[in-house]
Amino acid sequence: MRYLLGKVGLLLLTLWAAVTLNFLLPRLMPGSPADAAIAKLAQNGPVSPSTRAAIEAQLGVPTGSAWDQYLQYLNNVVHFDFGVSYTFFPQSVASLVGTALPWTLVLVGFVTIVAFICGTLLGVLAAWKRGTWLDTLPTVGGTFASAFPYFWTALLLLFFLGYVAGWFPTSGAYGSAATPELTGTFLLDALYHSILPATTILITSLGGWILGMRSTMINTLGDDYVTFAEANGLHPRTVAIRYAARNAILPNLTSFGLALGGVVGGSLLVERVFSYPGVGYLLYTAVVNQDFPLMQALFLIITISVLLANFIVDILYGILDPRTRR
Amino acid sequence: MTPTGTTRPTRPTTSAVKTISQGNHDAGANPLRVILRAFLTIWSVPKARIGVALLGVFVLLAVFAPLLAPYGATDNSFDRSEDMSAAHWLGTTAAGQDVLSQIIYGARVSVFVGFVAGLLSTIIAVLIGLSWGYLRGLAGDVINFIVNLFLVIPALPLMIVIAAYLQNGGIGMIVLVVVITGWAWGARVLRSQTQSLRSRDFVTAAVFSGESPARIVFREILPNMTSLIVGSFFGASTAAILAEAGLEFLGLGDSTTVSWGTMLFWAQNSNALLTGQWVLLFAPGLCISLLATSMSLINFGVDGLSNPRLREGATR
């Protein structure tokens with residue numbers, strides 16, 4: 001229980017820090033959103049002070065002392081009030097994020113779990129069959145594939161399987177004729193559209209899991225209890241899986257949380273390539289259009305999602321390895 | 001992800017022992033010989049040898065770009081969107097530039113960003129990681145929190161947001177953004193190694209002989225972590241090269257720079273997908289991957305420096 005409370009406390013502290021960072025970022029940067037909007041206007045002629053005031057009011061440029069702004073910001077965040085999007089005016093940022101989030105959560109969440117399972121199994125195999133092709137192929141292949149930029153893998157798959165072969169749709173998360181609803185046909189359509197983005201993320205993130213598991217597994221294989229199990233004449237497969245892999249998987253679980261941030265980042269680029277209507281594509285749209293409220297809210301949501309995933313992994317780790325609870 | 005996080009503590013190397021017994025004058029031992037020896041250790045691992053060779057090719061490409069490239073990087077006097085031909089081995093872009101020349105010149109940006117951002121991240125990681133590992137008490141807890149914060153905040157979205165605020169900065173901005181988001185991993189790895197070295201006899205001996213904490217950290221402990229530091233340098237460089245390409249692909253860098261990232265940006269925006277010019281997509285991305293791979297491969301040799309178990313051919 002104390003372990004859990006400590007973790008919850010740390011989560012709250014980290015969340016607060018992330019929100020504060022998000023508050024500080026635009027204020028540390030030169031210029032303001034209004035400046036950017038006015039700079040665009042100024043290309044067509046001088047901007048009068050009254051126009052400037054009107055723009056600032058419309059964009060919700062905060063007034064008052066920094067401390068008041070901070071309290072106001074915290075209050076807004078707690079109520080999921082992120083203001084109004086510049087690009088999709090008058091839609092609220094919160095509703096835009098709400099539409100985009102499920103696409104990314106399902107895509108990234110599912111692929112990450114599949115990649116973790118496959119990568120761990122391949123890593124166990126590589127460590128166990130060290131020096132054979134079962135080791136060399138996944139290790140070298142994994143090293144090479146994890147150096148692929150996400151967007152490049154995405155572009156290649158899109159080009160060869162989407163445009164040239166025509167096997168898969170080239171953009172979006174569902175057909176242009178379909179409307180999002182919970183029917184079998186729509187879900188199949190969505191699944192069909194998600195194959196290429198999912199494959200991209202899988203190819204690029206698999207290598208990390210293979211290498212990580214292989215390295216912890218090799219360390220575990222050198223431990224005395226593994227030698228003891230071997231000396232007892234246990235079946236090699238029993239030794240590998242029931243003795244070594246079970247213990248080697250634990251440190252890998254910690255990197256699961258940390259790697260998630262990287263996968264989420266990569267999926268942003270993938271979504272851009274496939275015009276997949278998730279958080280990443282929305283972030284891209286926000287950045288291109290200098291839609292600062294939308295951009296900030298998206299960054300915060302992405303960060304919070306990763307923090308929560310980390311928290312869950314931490315709790316899971318505590319359950320799986322009682323030593324960490326002390 | 002490199003396996004450096006799990007390497008076991010090394011025994012104090014002879015140079016550190018010498019430092020204690022003979023004092024300062026021998027500490028650096030002849031840097032050339034040290035570098036040569038480290039190079040040979042890395043070279044002895046086949047995977048790392050491939051990595052060194054690959055990296056060498058890209059560095060040469062970057063340095064001698066003006067001599068090697070058939071045309072200027074921004075020379076757009078050719079026919080547009082041409083296919084591969086004898087005059088243009090990889091064809092031309094939609095703006096009428098020679099693709100091969102752009103690839104060769106593009107190596108400069110990637111190698112530069114990888115090297116500079118990797119070096120800066122590593123310096124920060126060493127400074128923070130080592131002092132953090134040596135300090136106890138509140139200061140250590142505060143650093144712990146900050147580093148963990150930077151570790152869990154997804155780096156690419158943070159980079160995108162900062163880059164969007166700094167608007168169309170050039171390579172300098174990209175280096176800055178990459179360094180801000182890239183130092184934390186190395187700091188954590190170096191910190192845990194520092195913690196385990198701190199309780200070693202040679203450190204206790206140094207404490208009793210009255211050396212200052214700064215000297216203990218940077219002259220006694222640091223030399224024992226060379227392989228980890230080299231490892232985190234290559235790790236940070238790889239991340240920097242991929243991040244730079246990603247940011248430029250999104251159009252967040254200076255899109256007039258000739259780099260592999262901007263080449264992919266222009267390829268997507270000029271619909272190279274539709275016109276079927278797959279080389280435009282394939283070549284820059286392959287170069288990014290190969291450069292990043294070369295560094296990961298070198299890291300296999302670096303791991304072997306400190307952990308004999310990870311050396312090739314060792315029995316389990």
Side-chain angles (χ1 to χ4, degrees), chain A residues 13-14 17-18 21 25-26 29-31 36 130-131 140 143-144 146-152 155-156 158-160 163-164 170 208 211-212 214-216 218-219 221-222 251 255 257-262 264-266 268-269 272-273 283-284 287-288 290 295-296 298-299 302-303 306-307 310, chain B residues 1-3 5-6 8 47 145-146 148-149 151-167 185 238 242-243 245-246 249-252 261 264 267-268 272-274 276 278 281-282 284-286 288-297 300 303 307 309-310 312-313 316:
Chain A
L13 198 62
T14 321
L21 180 73
L25 262 182
M29 299 295 167
R130 206 142 81 88
V140 175
T143 313
F144 189 47
S146 55
F148 289 174
Y150 278 88
F151 57 92
W152 184 57
L155 281 171
L156 289 184
L158 178 64
F159 180 72
F160 287 110
Y163 284 101
V164 177
T170 51
L211 297 180
R214 176 183 179 270
S215 124
T216 45
I218 285 173
N219 275 321
L221 285 174
S255 41
L258 293 176
L260 198 65
V264 168
L268 301 185
L269 296 168
R272 154 81 182 99
V273 173
L283 181 64
Y284 169 75
V287 166
V288 169
Q290 300 188 355
M295 196 170 84
Q296 262 201 295
L298 283 170
F299 174 63
I302 293 169
T303 309
V306 173
L307 288 182
N310 263 305
Chain B
M1 206 182 321
T2 56
T6 52
R8 309 186 78 217
K47 278 181 205 154
F145 181 71
I146 295 173
N148 279 329
L149 188 67
L151 274 178
V152 290
I153 286 183
L156 191 74
L158 181 59
M159 285 186 214
I160 292 175
V161 169
I162 298 179
Y165 278 117
L166 292 176
Q167 277 178 38
W185 184 259
T238 312
L242 291 176
F249 171 68
L250 287 178
L252 282 169
L264 285 164
Q268 168 139 32
L273 289 167
L274 292 172
W278 58 274
L281 300 172
F282 190 73
L286 185 69
I288 299 169
S289 309
L290 285 175
L291 183 57
T293 312
S294 74
M295 299 200 171
S296 311
L297 286 174
F300 278 105
D303 289 338
N307 188 352
R309 278 178 179 172
L310 285 173
E312 298 301 306
R316 60 165 186 266

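A note on names: the letters A, B, ... follow the listed sequences, proteins ahead of strands, and every chain is numbered from 1.
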**Q.** Contact summary for Val140(A) and Lys47(B), nearest pair of heavy atoms
**A.** CG2-CE, 4.0 Å

Q: Answer whether the closest heavy-atom distance between the side chains of Leu158(B) and Thr303(A) falls below 4.5 Å.
A: no

Q: Counting only heavy atoms closer than 4.5 Å, note whether Leu286(B) contacts chain A via side chain, backbone, both or neither.
A: both

Q) Of all of Phe160(A), Tyr150(A), Phe299(A), which one pairs up most often with chain B through heavy atoms under 4.5 Å apart? A) Phe299(A)

Q: Let me see the working for Val287(A) and Leu250(B) under side chain to side chain contact (heavy atoms under 4.5 Å, CB included), right down to the final yes or no.
A: CA-CA 9 Å; Val287(A) 166; Leu250(B) 287 178; over 6 Å; no

Q: For side chain to side chain contact (heavy atoms under 4.5 Å, CB included), just list the numbers for Leu242(B) and Phe148(A), CA-CA rounded to whole Å, side-chain angles, deciding distance to a tenth of an Å, and then say yes or no.
A: CA-CA 8 Å; Leu242(B) 291 176; Phe148(A) 289 174; over 6 Å; no

Q: Would you mind reporting whether Ile160(B) and Leu283(A) have side-chain heavy atoms less than 4.5 Å apart?
A: yes

(Q) Can you list everything that forms a ring pair (Phe, Tyr, Trp, His ring centres under 6.0 Å) with Tyr284(A)? Sequence neighbours excluded, please. (A) none

Q) What is the distance from atom CZ of Phe145(B) to atom CG of Leu13(A), rounded to the nearest 0.5 Å? A) 3.5 Å

**Q.** Which atoms of Leu291(B) approach chain A - backbone, side chain, both or neither, heavy atom under 4.5 Å
**A.** neither

Q) Is there a side chain to side chain contact (heavy atoms under 4.5 Å, CB included) between Val161(B) and Gln296(A) once you walk through the steps? A) CA-CA 8 Å; Val161(B) 169; Gln296(A) 262 201 295; 5.6 Å; no

Q. Between Leu297(B) and Phe144(A), is any pair of side-chain heavy atoms under 4.5 Å apart?
A. no

Q: Report yes or no: does Trp152(A) contribute a side-chain atom to a donor-acceptor pair with the main-chain N or O of Leu281(B) at less than 3.5 Å?
A: yes

Q: Side-chain contact test, heavy atoms from C-beta onward, threshold under 4.5 Å: evaluate it for Pro157(B) versus Leu268(A) and give yes or no.
A: yes

(Q) Are Ser289(B) and Pro149(A) packed together at the side-chain level, in the sense that at least one heavy-atom pair is separated by less than 4.5 angstrom? (A) yes

Q. Would a 4.5 Å heavy-atom cut-off, applied to side chains only, mark Leu155(A) and Phe249(B) as touching?
A. yes

(Q) Looking at chain B, which one of Leu156(A), Leu307(A), Leu269(A) has the largest number of heavy-atom pairs inside 4.5 Å, strictly under? (A) Leu269(A)

Q: Indicate yes or no: at least one non-hydrogen side-chain atom of Ile153(B) is less than 4.5 angstrom from one of Val306(A).
A: no

